[in-house]
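Inspection log for the structure reproduced underneath, given as structure tokens.
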Amino acid sequence: MTSETVIIGGGVIGLAIAIELKLRGASVTVLCRDFQAAATHAAAGMLAPDAEKIPNGAMRSLCWRSRALYPDWTRKLEELTSLNTGYRPCGILAPVFEESRGTEEKEEVLSCAPVSPRPALWVPAIDLCPSASEESSAYWLDKEAIHQYQPGLGAEVVGGWWYPEDAQVDNKALAHLLRTAAESVGVKLKDGITVEGFLQQQGQVVGVQTNAGIIRAAHYVLASGAWSNELLPVPVRPRKGQMLSVRIPEFAPELPLKRVLFGQDIYIVPRSDRLVIGATSEDVGFIANNTPEGIQTLLQAAIRLYPQLKHYPIQEFWWGFRPATPDELPILGSSHCQNLTLATGHYRNGILLAPVTAALIADFILEQKSHPLLANFHYSRFQSKPFTSTPMLTHSANFSNGNRPAILPQQPQLPIQDSPLIIAGKTFQSRLMTGTGKYRSIEEMQQSVAASDCQIVTVAVRRVQTKAPGHEGLAEALDWTKIWMLPNTAGCQTAEEAIRVARLGREMAKLLGQEDNNFIKLEVIPDLKYLLPDPIGTLQAAEQLVKEGFAVLPYINADPMLAKRLEEVGCATVMPLASPIGSGQGLKTTANIQIIIENAGVPVVVDAGIGSPSEAAQAMELGADVLLINSAIALSPNPPVMARAMNLATVAGRLAYLAGRMPIKDYASPSSPLTGTITS
């Protein structure tokens, strides 16, 4: 199937962009895994840049512009569909308790300081309201005034801020309206479509692999919210939010709530027949469902703020996943591919920012107009400069405990030539690969990689993706113009998981400038105690990844039959283990590794279990083409020195293999012959 633009994600951002593009004449298809799972359905619908105290700068400007667009944007959508969005310019009231009053007043004075005039956006289809207010309107209400303005507040409320320009929209009504509007203007909506990966060639996306086959387009937009990180290594994580609603009784004891209450870690949003209460903020991944603790926390805070709701019947509970970035700002604009645009990571402000995101992205795609605001939200802001506190070591660098052991600067020309190492058509001089895990610090890892003189470094995609301890900033720590990244699927327990993570690893390599890197170290390990690889799952995953153009380097038990089968399906190497991962037991599978080496037509990489340089040399003497060593280096008391020792052992073992071993005899043979000696 071919479309002019394919949008991945059917939430408010994806649908808003789709409608804007279609109204400007583009052909648009939206792919959505589960329309009901979008964060849009789980939100409260507040349009609250002032109440949220969004700091001065590009984000506040973006939010204000989008809020200013809302009246006309929702009116046009309602005209298209004859449906109601529930948009209400009701203002938001932020009550304050005694213990936080001083801080609240001080922060608000600072946040309401005038800002420099904001430049007008040029958008032909939507007026981005250059005449919008240049600073926040906020008014302090003392205790008497706030209780008079909103009866029923808790007795502990001593005052509060009134934000008259903030508003709300019924998020569920908006979601339904956007889907209806998209259908009415001719956007092709495909629900139940799981995008599994991007197909890329020479800096272009040439298609997306889905559960329904390959879908192709001229341009692609990633707008899949909290799930974006499953397709590209962008720093977007799910932040779970639990919510609930209570029904307003027909004969409430007091006047029902008329305006949004934005309290400390709680908000209450009135709708026609209910109050929406939210929301927790939990960094728990995609763990679903409501919890007693989460709901109890919300109810206690809400009742303190508006006590009478404790008598209201509970209507429903729900949860959702906000797409959070490290700085809590969205990722907008161009990507590493010329025809892939990013519109994700909106965190708490997806509904608020839908109109302005749609306008800016449509301009960017159709008009090639990149507004200066977009530069503040480009994904490259997360790609820090390499560490400078610990320079990359060179051959002449010193170790922390003394100079590197002297190596003669001029080696005699040896009467033997070694062929280069070739993996999947790529040539390497070093026969030692290293890893990046288990080090005590990033600096130690940098020093060790440099000391090893390796050219290939393996990186656990999942640990980088989740910013596991020791992996923060890993992508920026090494010079990837000199080191070839070998992404690995560590942590995957099934073939399906490994295939998905492999695709993500390929994208990670591309983001770091290795456009032609299709290498993947394949690990499928369901056994969490012994960490032994699953041969069936490994073979299944290898077959699929080879079909998708990967150079597969599979980690396996030292099984000669499996090694041959993997070679037959097209793997670039085989990687038999010497002994269990991280055990340091050394070569426990020598006989089988020898059989694999003897019969292999691809490079053999001895991986896992090597604990000392003597064992590394022994593995190379067997005829292995490469070694992959991580734990023995990282867990040494002096990793950089051990890395250098492993380098020297690898070279020595290779030279010994090429030179050939002396015959083993059953009897002694004197080093000096007896013939020709002086005798008495």
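Quick note: residue numbers are just sequence positions, from 1.
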Would you compute the distance between atom [atom1] of [X] and atom [atom2] of [Y] and round it to the nearest 0.5 angstrom?
X: Leu305; Y: Leu257; atom1: CG; atom2: CG; result: 8.5 Å
X: Cys337; Y: Tyr220; atom1: SG; atom2: OH; result: 10.0 Å
X: Ile193; Y: Asp34; atom1: CD1; atom2: CG; result: 12.5 Å
X: Lys76; Y: Leu69; atom1: NZ; atom2: CG; result: 9.0 Å

Tell me whether [X] contacts the main-chain N or O of [Y] through its side chain, where contact means a donor paired with an acceptor under 3.5 Å.
X: Thr280; Y: Glu282; value: no
X: Lys190; Y: Cys32; value: no
X: Ser184; Y: Ala181; value: yes
X: Asn211; Y: Thr194; value: yes
X: Lys240; Y: Asn289; value: yes
X: Asn339; Y: Val205; value: yes
X: Ser66; Y: Val356; value: yes
X: Asn229; Y: Val234; value: yes

Does Glu328 pair with Arg322 as a salt bridge, N-O distance under 4.0 Å?
->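 No salt bridge links Glu328 with Arg322.
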
Can a donor-acceptor pair be found between the side chains of [X] and [Y] at a distance below 3.5 Å?
X: Gln168; Y: Arg271; value: yes
X: Asp50; Y: Trp64; value: yes
X: Glu165; Y: Tyr163; value: no
X: Glu293; Y: Thr291; value: no
X: Glu196; Y: Thr210; value: no

Are any of the side-chain heavy atoms of [X] and [Y] separated by less than 4.5 Å?
X: Val260; Y: Pro270; result: yes
X: Leu373; Y: Ser61; result: yes
X: Ile266; Y: Arg304; result: no
X: Ile8; Y: Val208; result: yes
X: Leu62; Y: Phe377; result: yes

Taking every non-hydrogen atom, the tightest pair across Ile13 and Ala223 =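 Reported closest heavy-atom pair: CG2-CB, 4.2 Å.
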
Atom of Ala16, atom of Ala354 and distance for their closest heavy-atom approach |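 The pair with the smallest heavy-atom distance is CB-O, 3.9 Å.
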
In sequence, state the C-alpha distance, the side-chain angles, and the governing distance for Trp161 and Tyr139, and then conclude on ring-ring contact (aromatic ring centres under 6.0 Å, His included).
-> CA-CA 6 Å; Trp161 291 96; Tyr139 303 92; 8.9 Å; no

Answer yes or no on whether Lys172 is positioned over the face of Trp318, meaning its NZ or CZ is under 6.0 Å from the six-membered ring centre and within 45° of the axis.
-> yes

Would Arg274 count as a cation-pi partner of Tyr312, with NZ or CZ less than 6.0 Å from the six-membered ring centre and within 45° of the ring normal?
->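 Negative - Arg274 is either too far from the ring of Tyr312 or too far off its axis.
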
Check whether more than 12 heavy atoms from other residues, nucleotides or ligands sit under 6.0 Å from atom CD of Glu144, and answer yes or no.
-> no

Between Trp227 and Phe286, does the ring centroid distance fall short of 6.0 Å?
->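 For Trp227 and Phe286, the ring centres are under 6.0 Å apart.
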
Would you list the pairs meeting ring pair (Phe, Tyr, Trp, His ring centres under 6.0 Å) in which at least one residue belongs to residues 164-192, sequence neighbours left out?
-> none

So, using side chain to side chain contact (heavy atoms under 4.5 Å, CB included) as the criterion, who are the partners of [X] when residues are at least two apart?
X: Thr494; result: Glu496, Glu497
X: Ala26; result: Glu4, Leu21, Val28, Leu366
X: Asp327; result: Thr325, Leu329, Arg381, Phe382
X: Asp283; result: Arg237, Arg239

All side-chain hydrogen bond (donor to acceptor under 3.5 Å, both in side chains) counterparts of Thr74, not counting sequence neighbours | none

Aromatic plane relationship, Tyr267 with Phe262 - under 30° parallel, 30 to 60° tilted, over 60° perpendicular |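 Judged by the thresholds at 30° and 60°, the geometry between Phe262 and Tyr267 is parallel.
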
